[in-house]
Asks: 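Before I ask anything, here is the structure I am working with.
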Number of protein chains: 2
Amino acid sequence: MVNSKNILSSVEEKCVERGIRLTPRRRQVLDVLVQEEAALSAYEIAQRCNADSDNPMPAMSVYRILDFLQEQQFVHRLETANKYISCSHLSCAHEHLQPQFLICNSCRRVEEIDLSSSAVAAMASAASAAGFASISSQLEVNGLCDRCVHANA
Amino acid sequence: MVNSKNILSSVEEKCVERGIRLTPRRRQVLDVLVQEEAALSAYEIAQRCNADSDNPMPAMSVYRILDFLQEQQFVHRLETANKYISCSHLSCAHEHLQPQFLICNSCRRVEEIDLSSSAVAAMASAASAAGFASISSQLEVNGLCDRCVHANA
DNA sequence: TAAGATACGATACACTGTATCATTTAGTTG
DNA sequence: CAACTAAATGATACAGTGTATCGTATCTTA
């Protein structure tokens, strides 16, 4: 179980700094994502919000709130899966660059990683060889996490 | 203009080898994709098929045919865009590994590339550091191609 | 030719995301 | 505090995408 209270209060501070509002609705959506190791679709998020609250969360609001949370880099969107996951640096002070993700094909959990600069450089050089100038990329790499490998062994 | 006739007859041979059928419908879909430098959605493919034929191509058929063409590795699916593109190795004899793509954010054309083994190794090591065992990845990297960079300069 | 497998046509439908309206809430200013 | 403005939310309708399913046609093989 994640200690979402600390994380959320850290987010709260950032919102104050930036002069934006972490409304109850936004906090509710973010909380759902922080609790979750796997990525969730917008409609899955709405379901979880409705599970532990009598005030129904419309899917429309989820999309709007996700847009907001993405702009603030509090959540990331996995483009290959059309799902959302909370940023792993919510409690950190430093800004981070383009994120990269490892997605387990078995348990669906997601790890946010930082690629080494050599790997990025190798990709840039492959791109330039193929006639592409700049690249800016959010890599999403599928695989099997250690837990699942051992579980199936 | 691509010489789709040669490419398609090469595909035809492969189908004979594999004991599968390249029906007129399948050929029609593949032809549309071979002509196109950019990736197309299923519905866009259906539209192009209907543009130069009076026999309407239902979207349903396009999906089925795309499934087939993907299984045979004649086309690839860009997961970030939900679009399809013909394999760049249709005339080659050799099998190829997991493909990687560069996608131009301006003109939308797509290049299929082979990453250097060093880049792949660097990624594998980053993955293992994050607790992921095997990775198998179709990388889709967005950027700007040289043509568009020069055009906007 | 008959039987089975494969491919295709057609309809309905579920899911996802957007457009657009009204309504409420929060923040600001006189 | 009252009035105004902007931001956030509620609610409805709808477009686009992909799937399920059933029936029909075509090909293959005995």
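The basis for the numbers below is simple: all heavy atoms, side chains too, and nothing from hydrogens, waters or symmetry mates. Note that this is a predicted model, so its numbers are computed, not measured. Letters A, B, ... are given to chains in the order of the sequence lines, protein chains preceding strands, and every chain is numbered from 1.
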Asks: Rounded to whole angstroms, how far apart are CG on Leu69(B) and P on dA7(C)?
Replies: 11 Å

Asks: Select base, sugar-phosphate, or nothing to describe what Arg64(B) touches, counting heavy atoms under 4.0 Å on all strands.
Replies: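 The answer is base, as Arg64(B) lies within the cut-off (heavy atoms under 4.0 Å) of a base atom.
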
Asks: Between Leu66(B) (CG) and dC8(C) (P), how many Å, whole number?
Replies: 12 Å

Asks: In whole angstrom, give the distance that lies between atom CG of Leu22(B) and atom P of dT6(C).
Replies: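 After rounding, the reported distance stands at 17 Å.
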
Asks: Arg25(B) side chain: which of dT9(D), dC8(C), dG18(D) is closest?
Replies: dC8(C)

Asks: Would a 4.5 Å heavy-atom cut-off, applied to side chains only, mark Ile103(A) and Leu78(A) as touching?
Replies: yes

Asks: Rounded to whole angstroms, how far apart are CG on Asp67(A) and C1' on dA7(D)?
Replies: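 Rounded to whole Å, this separation is 15 Å.
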
Asks: Would you kindly give the CG-to-C1' distance between Leu40(B) and dT17(D), to the nearest whole Å?
Replies: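 Rounding to the nearest Å, CG of Leu40(B) and C1' of dT17(D) are 15 Å apart.
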
Asks: Whole-Å distance between dT16(C) P and Glu79(A) CD?
Replies: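 So the two atoms are 18 Å apart, to the nearest Å.
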
Asks: Ring centres of His76(A) and Phe101(A) under 6.0 Å apart?
Replies: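 Yes, the ring centres sit under 6.0 Å apart.
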
Asks: Using the closest heavy atom to pick a nucleotide of DNA chain D for each, name whichever of Met60(A) or Phe68(A) lands nearer the 5' end.
Replies: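 That would be Phe68(A).
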
Asks: Please give, in whole Å, the distance from dG10(D) P to Arg26(A) CZ?
Replies: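 My rounded result for the distance is 12 Å.
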
Asks: Tell me: CD of Glu44(A) to P of dC15(C), nearest whole Å?
Replies: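 For the pair Glu44(A) CD and dC15(C) P, the rounded distance is 12 Å.
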
Asks: Below 4.0 angstrom, N of the basic side chain to O of the carboxylate: do Arg27(B) and Glu12(B) qualify?
Replies: yes

Asks: Between dT17(D), dA8(D), dG17(C), spot the one nearest the side chain of Thr23(A), thanks.
Replies: dA8(D)

Asks: Using heavy atoms to find the nearest nucleotide of DNA chain D for Tyr84(B) and Arg21(B) separately, return the residue whose nucleotide is more 5′.
Replies: Tyr84(B)

Asks: Grouping I, L, V, M, F, W and Y whenever their side-chain heavy atoms are under 4.5 Å apart, do Val110(A) and Ile113(A) come out in a common cluster?
Replies: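 In one cluster with Val110(A): Ile113(A), no.
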
Asks: Distance check: side-chain N/O of Tyr63(A) vs OP1/OP2 of dG17(C), anything under 4.0 Å?
Replies: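 Yes, Tyr63(A) has a side-chain N/O under 4.0 Å of OP1/OP2 on dG17(C).
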
